[in-house]
Amino acid sequence: SIMLIALLYCSVLYAQHIKLFYQENIVVLGNKYVDQNIILDAMNMDEKESIFSYNLGELQDNVESIEFVKSVKVGRILPSTLMIQVLERAPIILVLLDDEKYFFDVEQTPLLANKEAINFFPVPIMTFANDDPIKLGDFELTKALRFVNKSKAIHNELYENLSEVRYKNNNLSLITDERTKIDLGDHETIYKISILKEFQNTVQDKRSLNDYSYIDLTIDNQIIVREH
């Protein structure tokens with residue numbers, strides 16, 4: 001056993017001497033929006049170090065601290081490569097508040113939206129025209145984000161063609177890419193999305209939602225439409 005330990009020790013010394021495990025390559029996968037240089041800067045690594053000298057958990061935490069990064073996996077590939085697998089957050093709505101613009105994903109994580117991000121993520125816009133300004137953390141905002149999540153799950157085709165979600169003193173309107181306005185009112189809005197989907201399925205052989213300029217679901221048990 002002493003011979004084995006000595007052999008292992010000598011092997012380690014030799015590997016260090018020839019710089020066998022010194023980090024030569026970093027492979028970053030999965031990033032689409034977050035620039036690779038931002039990821040590398042966050043890792044704060046010394047190229048002269050062995051890949052075994054890094055705490056992979058710390059590297060992971062550093063990259064996950066970057067906005068728009070949801071999770072990270074870090075691994076070693078012998079002899080000299082570090083593999084960084086990035087999963088980015090996927091915004092589903094852009095919210096315009098009085099003081100700032102924020103993206104939100106399905107987990108309702110706020111992400112500051114600069115011009116570059118707005119151009120990169122083609123998602124619907126949410127606006128508020130309330131008497132009192134809406135701020136991060138307000139219940140009205142949380143409720144509105146829940147609506148987007150649930151309505152997307154119920155009627156994804158509508159979400160994919162959605163341009164704007166408008167709130168005006170709790171009254172909700174949707175604007176599609178083809179400028180169809182859909183008024184949902186101030187109550188049972190999720191239920192009305194289900195009704196709208198049923199209506200679309202009923203008329204799909206002859207009409208699409210884009211054939212209408214206006215769809216009114218504010219009156220219970222009624223759908224009022226106006227064609228373009």
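Owing to the predicted nature of the structure, the values given are computational and were not obtained by experimental measurement.
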Without placing hydrogens or testing angles, list every side-chain donor-acceptor pair under 3.5 Å for residues 171-178, not counting sequence neighbours.
| from | atom 1 | to | atom 2 | distance (Å) |
| --- | --- | --- | --- | --- |
| Ser173 | OG | Asp183 | OD1 | 2.4 |
| Thr176 | OG1 | Glu178 | N | 3.3 |
| Thr176 | OG1 | Arg179 | N | 3.4 |
| Thr176 | OG1 | Thr180 | N | 3.0 |

Do Glu58 and Tyr54 touch side chain to side chain, with heavy atoms closer than 4.5 Å?
-> no
Answer with yes or no whether the hydrophobic clustering places Leu111 together with Leu87; edges join I, L, V, M, F, W, Y residues whose side-chain heavy atoms lie under 4.5 Å apart.
-> no
Distance col, row Met126:CE vs Ile93:CD1, nearest 0.5 angstrom, shows 4.5 Å
Step by step, work out the side chain to side chain contact (heavy atoms under 4.5 Å, CB included) result for Val28 and Ile39.
-> CA-CA 8 Å; Val28 180; Ile39 294 172; 3.7 Å; yes
Kindly indicate whether the side chain of Leu96, heavy atoms from C-beta on, has any atom under 4.5 Å from the side chain of Tyr102.
-> no
Who are the salt bridge (charged side-chain N to carboxylate O under 4.0 Å, His left out) partners of Lys101, not counting sequence neighbours?
-> none
Tell me, do Val72 and Val69 make a side-chain contact under 4.5 Å, heavy atoms counted?
-> yes
Residue pair Leu184 / Thr218: nearest heavy atoms and the distance that separates them = C-CG2, 4.1 Å
Backbone of Ile193 reached by a side-chain donor or acceptor of His155 within 3.5 Å = no
Starting from Ile219, walk the hydrophobic network (Ile, Leu, Val, Met, Phe, Trp, Tyr; side-chain heavy atoms closer than 4.5 Å) and list everyone else you reach, by chain and number.
-> Ile224
Evaluate the side-chain proximity of Tyr214 to Val225: yes if any heavy-atom separation is below 4.5 Å, no if none is.
-> no
For residues Leu112 and Glu100, determine if any side-chain heavy atom of one lies less than 4.5 Å from a side-chain heavy atom of the other.
-> yes
Minimum heavy-atom separation for Leu94 to Ala113, with atom names?
-> CD1-CB, 3.6 Å
Under the side chain to side chain donor-acceptor pair (under 3.5 Å) rule, what pairs show up with a residue in residues 186-196, not counting sequence neighbours?
-> His187-Asp220
Leu141 to Lys135 - nearest heavy-atom pair and separation = CD2-O, 3.9 Å
Short question: side chain of Asp211, backbone of Ser208 - any donor-acceptor pair under 3.5 Å?
-> yes
Aromatic Tyr159 / basic Lys152 pairing, under 6.0 angstrom, 45° off normal = yes
Apply side chain to side chain contact (heavy atoms under 4.5 Å, CB included) to Leu56 and Arg76, showing your working.
-> CA-CA 9 Å; Leu56 299 189; Arg76 303 180 182 94; 3.6 Å; yes
Residue pairs passing the ring pair (Phe, Tyr, Trp, His ring centres under 6.0 Å) test where at least one lies in residues 107-137, sequence neighbours excluded | Tyr33-Phe120, Tyr33-Phe121, Phe68-Phe121, Phe103-Phe121, Phe128-Tyr167
Got a sec, which pairs hit side chain to side chain donor-acceptor pair (under 3.5 Å) with one end in residues 82-92, sequence neighbours left out?
-> Arg89-Asp105, Arg89-Glu107, Arg89-Thr109
Interatomic distance, Ser151 atom OG to Asn156 atom CG [nearest 0.5 angstrom] | 9.5 Å
Gap separating the CD atom of Gln60 from the CG atom of Asn55, nearest 0.5 angstrom | 10.0 Å
In terms of heavy-atom contacts, Ile215 and Ile223 come closest through CG2-CG2, 4.0 Å
So, does Asn114 use its side chain to make a donor-acceptor pair with the main chain of Ala117 at under 3.5 Å?
-> yes
Can Ser71 and Glu64 be counted as having a side-chain donor-acceptor contact under 3.5 angstrom?
-> no
Locate the shortest heavy-atom distance separating Leu158 from Leu209; write the atom from each residue and the value.
-> CD1-CD1, 4.1 Å
Ile84 side chain reached by Ile26 side chain, heavy atoms, under 4.5 Å | yes
In Å and rounded to the nearest 0.5 Å, what is the CG to CG distance from Asp132 to Asp98?
-> 10.5 Å
Mind listing the closest non-hydrogen atom pair of Asn62 and Ser65 along with its distance?
-> O-OG, 2.5 Å
So Lys197 and Glu157, side chain to side chain contact (heavy atoms under 4.5 Å, CB included) or not? Walk me through it.
-> CA-CA 9 Å; Lys197 184 177 182 179; Glu157 182 182 349; over 6 Å; no
For Val106, does its backbone N or O pair with a side-chain atom of Asn149 as donor and acceptor, under 3.5 Å?
-> yes
So how far is it from Asp138 CG to Leu97 CG, rounded to the nearest 0.5 Å?
-> 8.5 Å
Non-hydrogen side-chain atoms of Val74 and Met83 separated by less than 4.5 Å = no
Answer yes or no: is there a side-chain heavy-atom contact under 4.5 Å between Gln200 and Arg207?
-> no
